[in-house]
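Beneath this line is the structure, given in structure tokens, with notes to follow.
Since the model is a prediction, treat every value here as computed from it, not as a measurement. Throughout, a chain's letter reflects where its sequence line sits, starting with A, and its residues are numbered from 1.
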Amino acid sequence: MKKIEFVIVLLLGLISCGSNEPKPIKLNVDSCDFCKMTISNSIFASELITEKGRVYKFDDASCMIKYAKSNSNITYKSFYVNDYTTQNKMILVEKCFFLKDGTISAPMGGNIAAFSNNQDRKVFQEKLKAQPLTWDEIYNLY
Amino acid sequence: MRTIFYILLSLFVFPIVSANTIYVGVGHPIKKIKQAIALAKDGDTIIVNSGIYKEGNIVIDKKIVFLGKNFPILDGQKRYEVLSVKADSVLVQGIKVIRSSFATLEDPCGIKVYNKTFVRIFDNYLQDNFFGIYLQNSTNCIIKGNTIIAFGKEEQLIGNGIHCWKSDNLQIVANNVRGHRDGIYFEFVTNSVIWRNISEKNIRYGLHFMFSNDDSYISNLFKNNGAGVAVMFSKSLKMFNNTFEENWGDSAYGLLLKEISDGYIFNNHFIKNTAAIYMEGTSRIKMEKNVFESNGWAIKVQASCMDNELVSNNFLGNTFDISTNGSLVLNTFNSNYWDKYEGYDLDKNGTGDVPYHPLSLFAVLTEKNPSSMLLFRSFMITLLDKSEKVLPSITPDNFIDNTPLMKSLPL
């Protein structure tokens with residue numbers, strides 16, 4: 001009986017090792033892995049998860065792209081950016097709708113806002129006078 | 001002749017005659033600030049008596065002098081931006097501004113200046129606002145003698161104490177900022193001076209520069225801030241006579257220099273920081289006559305730094321004087337005092353006869369493998385360190401101070 005418990009615990013432990021989920025940002029505690037600045041606003045934050053399951057945190061989507069490009073020896077699994085409308089809600093970049101510039105003011109001047117649906121983007125596009133872009137377009141800017 | 005006399009007389013007299021003083025508050029007919037501003041003309045003075053004023057967002061849209069008597073309290077009730085300045089040459093003095101609204105997408109402030117010139121904000125007391133004083137696209141403004149206190153915590157959103165954006169020719173003098181995100185924040189600000197401020201216990205940085213050129217900060221005290229002071233992506237900054245104290249933590253630095261060039265760091269004191277200076281992508285900076293005392297690392301130089309010059313600094317009681325992650329040496333060290341120097345001075349000229357290697361073997365090892373810190377001060381490491389000093393193998397052999405001082409400089 002004890003053996004089974006042990007195996008279950010071990011299995012659970014192993015499962016938690018290979019996590020592919022983004023980690024929540026601890027505001028004013030975590031620092032950006034690219035620019036070293038402390039992250040103080042999670043609506044512009046982004047996360048990068050490697051093939052091995054390591055999570056890198058960034059304060060600005062532009063930092064993530066620059067980091068990915070300058071560390072091309074690491075294999076990346078997924079890119080996450082935070083929803084502009086909600087604190088600490090990471091979404092996969094493939095599922096995002098982006099806006100850039102206008103009156104958006106991100107910590108490192110990337111000025112990229114991400115939305116989980118197109119409706120939100122349309123609302124904010126007018127409000128922020130920003131330009132809609134796709135992830136590929138943004139990725140190729142840096 | 002007489003007409004000329006009258007014209008001259010009118011020039012002198014009329015401005016004085018036309019400027020009125022409007023009193024607001026207890027014992028005066030006008031009870032509301034908004035009413036007083038509506039009545040005022042350019043050049044008038046409004047004197048607000050002590051009391052609590054809950055009038056929502058107060059907009060000053062005329063060139064007036066706005067004075068508080070015995071610190072009247074302007075309460076934003078956590079719902080409004082408290083005071084908005086939308087006219088040139090306004091003076092705001094002696095007001096207590098509390099409880100601005102709190103938002104994530106807009107930046108509500110205690111006092112905000114919108115695209116104006118020659119605004120002066122003197123001797124106010126700001127408490128519990130999201131942003132304290134915010135200058136947006138303003139020139140020739142002075143912020144002086146204000147006390148700005150917030151109660152920000154970790155994992156909580158809060159704005160900056162003094163936030164300046166796209167501005168020019170500012171003077172930030174003798175303010176006291178506590179408990180905000182960044183004490184003082186400069187983004188796209190040029191030709192400005194930050195002088196004699198105290199910035200302490202802020203959650204992120206005491207002072208933060210982004211994309212700001214040709215500024216200087218002089219004689220400020222930065223103490224106990226979350227991650228010290230950050231100067232990033234800026235050119236031609238002067239940093240004189242400042243004190244950087246007690247910035248402890250994993251990613252905390254006394255002074256974080258990133259992507260900056262052509263600066264001058266003179267006569268600053270770095271005391272009890274995890275890393276006094278962290279440099280990355282920094283070039284053509286001269287550091288002269290600074291004191292590095294009781295820090296974990298005095299200077300962390302990343303390999304991306306070049307043409308920096310360290311002259312006549314005191315290094316006292318630091319765990320590591322220098323650490324670096326590369327083997328290329330593109331920075332020069334001259335005539336510094338290193339308390340770890342064990343050389344001799346036979347010709348008695350005040351400088352040591354053998355060069356000093358400020359980079360210890362162990363500093364290089366911990367940079368590559370932080371957990372090797374466990375072995376610090378063990379017998380083997382001390383032995384290796386000594387042999388490395390004699391015959392450098394892992395550390396770059398040209399990483400030296402050729403003229404180390406025998407006595408510390410009186411700084």
Full working for side-chain contact (heavy atoms from CB on, under 4.5 Å) between M37(A) and H208(B): CA-CA 10 Å; M37(A) 241 163 81; H208(B) 189 182; 3.5 Å; yes
E94(A), CD: over 12 other non-hydrogen atoms inside 6.0 angstrom: yes
Inter-residue atom distance L27(A).CG - L157(B).CG, 0.5 Å rounding: 6.0 Å
Cationic tip of K36(A) above Y205(B) ring, under 6.0 Å, 45° of axis: no
NZ/K272(B): more than 12 non-hydrogen atoms of other groups inside 6.0 Å: no
F233(B) versus M108(A), closest heavy-atom pair with distance: CE1-CE, 3.1 Å
Check: R204(B)/T38(A) side-chain N/O donor and acceptor closer than 3.5 Å: no
Distance-minimising heavy-atom pair for E280(B) and F34(A): OE2-O, 4.4 Å
Straight-line distance of C35(A) SG to E259(B) CD, nearest 0.5 Å: 10.5 Å
Which atoms of F44(A) approach chain B - backbone, side chain, both or neither, heavy atom under 4.5 Å: neither
Interface moiety of A230(B) toward chain A, non-hydrogen atoms closer than 4.5 Å: neither
Minimal non-hydrogen separation, R181(B) against S40(A), with atom names: CD-OG, 3.0 Å
